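Notes follow the structure.
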2 protein chains.
Amino acid sequence: MTVIRGARERARAEITAAIKDEARAQLAAEGAARLSLRAVARELGMASSALYRYFPSRDDLLTALIVDAYDAVGAAAEAALATAGTTAAPVDRWTTVCRAVRTWALAHPHEYALIYGSPVPGYTAPQTTVQPAARVALCLIAITRDAHAAGTLRTPSGPRPPASALTDAAALAGRLRIELPADVIAALIAAWAELFGLVGFELFGQFHQVVEAREEFFTHAVTRLALQIGLGE
Amino acid sequence: MTVIRGARERARAEITAAIKDEARAQLAAEGAARLSLRAVARELGMASSALYRYFPSRDDLLTALIVDAYDAVGAAAEAALATAGTTAAPVDRWTTVCRAVRTWALAHPHEYALIYGSPVPGYTAPQTTVQPAARVALCLIAITRDAHAAGTLRTPSGPRPPASALTDAAALAGRLRIELPADVIAALIAAWAELFGLVGFELFGQFHQVVEAREEFFTHAVTRLALQIGLGE
DNA sequence: CATATTGCAAGAGCACTGCTCTCGTTATTG
DNA sequence: CAATAACGAGAGCAGTGCTCTTGCAATATG
């Protein structure tokens, strides 16, 4: 971590945090589209131009909020995984993490939309977002790897992935040093994307007048995702 | 269809269409956030205030684009289903429709983001969007219903949905007059959401450095979705 | 300690936005 | 033909992101 030396750096860190907090509050209240630098400055009692000392542009502020949101949902997933413990059944660990993601999303819809909805600032996210963005996925990987190490992992259901998908999966496994078969990795990636499809559809209103028992439906659906990659049963 | 009587109504219809076309062009080029009424008016050679005779607000124009986008992706899905024909295997019909959705999304990323990413204008979409929004889902339902009628539908894999989910599914089936078992409906809803999770993750860059053979991966994943609701095999 | 340098806040200002209002003009209808 | 409704254009308001300049305070340097 960076050590803050003088009073100036300390003040800078505090003001930067205050700006992000106020911006996050506006984001939560009104959404990313209505987030206004001038309103943030107004609320903080400073000139709008002073804010540019801390964030060179509105997009940079949004990017900082994106990183924070990824970290927040990642932390929620990790906390859920920790409370579930390593002794629980893999399926239960899986559903616990998934439900934590869903709960966080429902509590922070605008922040969720910022990271898993339309990517607002430009189309290619800065490199700084990729590591926080991976935290939820790493939780799901950890569960699967533990099950694999314990020998309780079946082979994924359904047909075998095509060779190209297995190549991609093997490359990813090598890069992240994941001790899992390529077909499991491929199934994991699909389940990971499908999980956020379920969350996003509920959050963005597609389940309106379609699914009413949202939580039960979600739990059931992610349980099936777990079984499909070979966890449990 | 509405019959256009006078020259005034004809002009109004044409100008409304021209506004939407120009707005759609700007949406495709820059995204919903950068869509500007004044720029649309400028490009059309009219005063910005005149545009408000046709769309009472920017959100109303966006809503019109949303409806059009739902209709476009729905039409793409229906066209794919038509070309696949009724004689093809249910799994192939399913993957054909899914791939048409993905192809449309890749060709129209901003329009896709508008409807399946973060819902921009307000949180509750107007009632006029629900019918066009259902067209893709109705394609998937039709495939499943055809397979059920032909007797080639297995029971969905995995555990049975909870009672509340079955109740929701039965209610939906009754409302839409779908002749399908409740557990199939429930599996269909999950697969429907998961399909758009796969598309969205690819489109929004989450598969960056994760999946390279995107098309093969997608086809494989949606094939598994089909098997999971009982189509084919 | 005195001085030069740097970091910072504030204000004015630019170009842009969505939107409203008014004012002539044009097309439709009785 | 006359009354009415629809329409286009312009001015204007409040707000936005962002830049530039000016003056001040904290830091670093001799």
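Only this structure's heavy atoms are used, side chains among them; waters, hydrogens and symmetry mates stay out. Throughout, protein chains are lettered first and strands after them, A, B, ... in sequence-line order, and every chain is numbered starting at 1. Here the structure is a predicted model, which is why all the values come from computation and not from measurement.
Each of B:Ile15 and A:Pro56 was matched to the nucleotide of DNA chain D holding its nearest heavy atom; the match closer to the 5' end belongs to B:Ile15.
Here the CZ atom belonging to B:Phe201 is positioned 5.0 Å from the CH2 atom belonging to A:Trp192, to the nearest 0.5 angstrom. Between the CD atom in A:Gln26 and the CG atom in A:Leu61 there is a gap of 9.5 Å [rounded to 0.5 Å].
Under the salt bridge (charged side-chain N to carboxylate O under 4.0 Å, His left out) criterion, the residue pairs touching residues 129-138 of chain A are A:Asp71-A:Arg135, A:Glu78-A:Arg135, with sequence neighbours excluded. Applying the salt bridge (charged side-chain N to carboxylate O under 4.0 Å, His left out) definition to pairs two or more places apart or across chains, those involving residues 99-116 of chain A are A:Arg99-A:Glu215, A:Arg102-A:Glu202.
Considering only residues two or more places apart in sequence or on other chains, A:Phe218 meets the ring-ring contact (aromatic ring centres under 6.0 Å, His included) condition with none of them. In terms of the ring-ring contact (aromatic ring centres under 6.0 Å, His included) criterion, residue partners of A:Phe207 (sequence neighbours excluded) are, by chain and number, A:Phe217.
When all heavy atoms of B:Tyr112 and B:Leu203 are compared, the closest pair comes out as CD2-CD2, 3.3 Å.
Taking atom CE of B:Met46 as the reference point, atom C1' of C:dT25 lies 15 Å away to the nearest angstrom. Protein atom CZ of B:Arg42 is 18 Å distant from nucleotide atom P of D:dG8, rounded to whole Å. In this entry the distance linking CZ of A:Arg10 with P of D:dA26 reads 16 Å, nearest Å. For the pair A:Leu62 CG and D:dG17 P, the computed distance is 10 Å after rounding to whole Å. The CD atom of B:Glu30 sits 17 Å away from the P atom of D:dG17 (whole-angstrom rounding). Taking atom CG of residue A:Leu44 and atom P of nucleotide C:dC8, one finds them 16 Å apart after rounding to whole Å. The interatomic distance linking B:Leu37 (CG) with D:dG8 (C1') rounds to 16 Å, in whole Å. Protein atom CZ of B:Arg34 is 13 Å distant from nucleotide atom P of D:dG17, rounded to whole Å.
With 3.5 Å as the limit, one finds no donor-acceptor pair spanning the side chains of B:Thr63 and B:Asp60. Checking A:Gln228 against A:Glu194 by side-chain atom types alone, a donor-acceptor pair falls below 3.5 Å.
Of the candidates C:dG18, C:dG13, C:dA9, C:dG13 carries the atom nearest the A:Arg38 side chain, counting heavy atoms from C-beta on.
Across all strands, A:Leu35 comes closer than 4.0 Å only to sugar-phosphate atoms, never to a base (heavy-atom distances). Using a 4.0 Å heavy-atom criterion, one finds that B:Leu61 contacts no nucleic acid atom at all.
Shown for residues 47-54 of chain A: residues whose heavy atoms fall under 4.0 angstrom of DNA chain D, namely A:Ser48, A:Ser49, A:Tyr52.
Residue B:Arg58 places none of its side-chain N or O atoms closer than 4.0 Å to OP1 or OP2 of C:dC19.
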Dump the pairs, protein N or O against N or O of nucleotides 4-6 of chain C, anything under 3.5 Å, distances to one decimal.
none

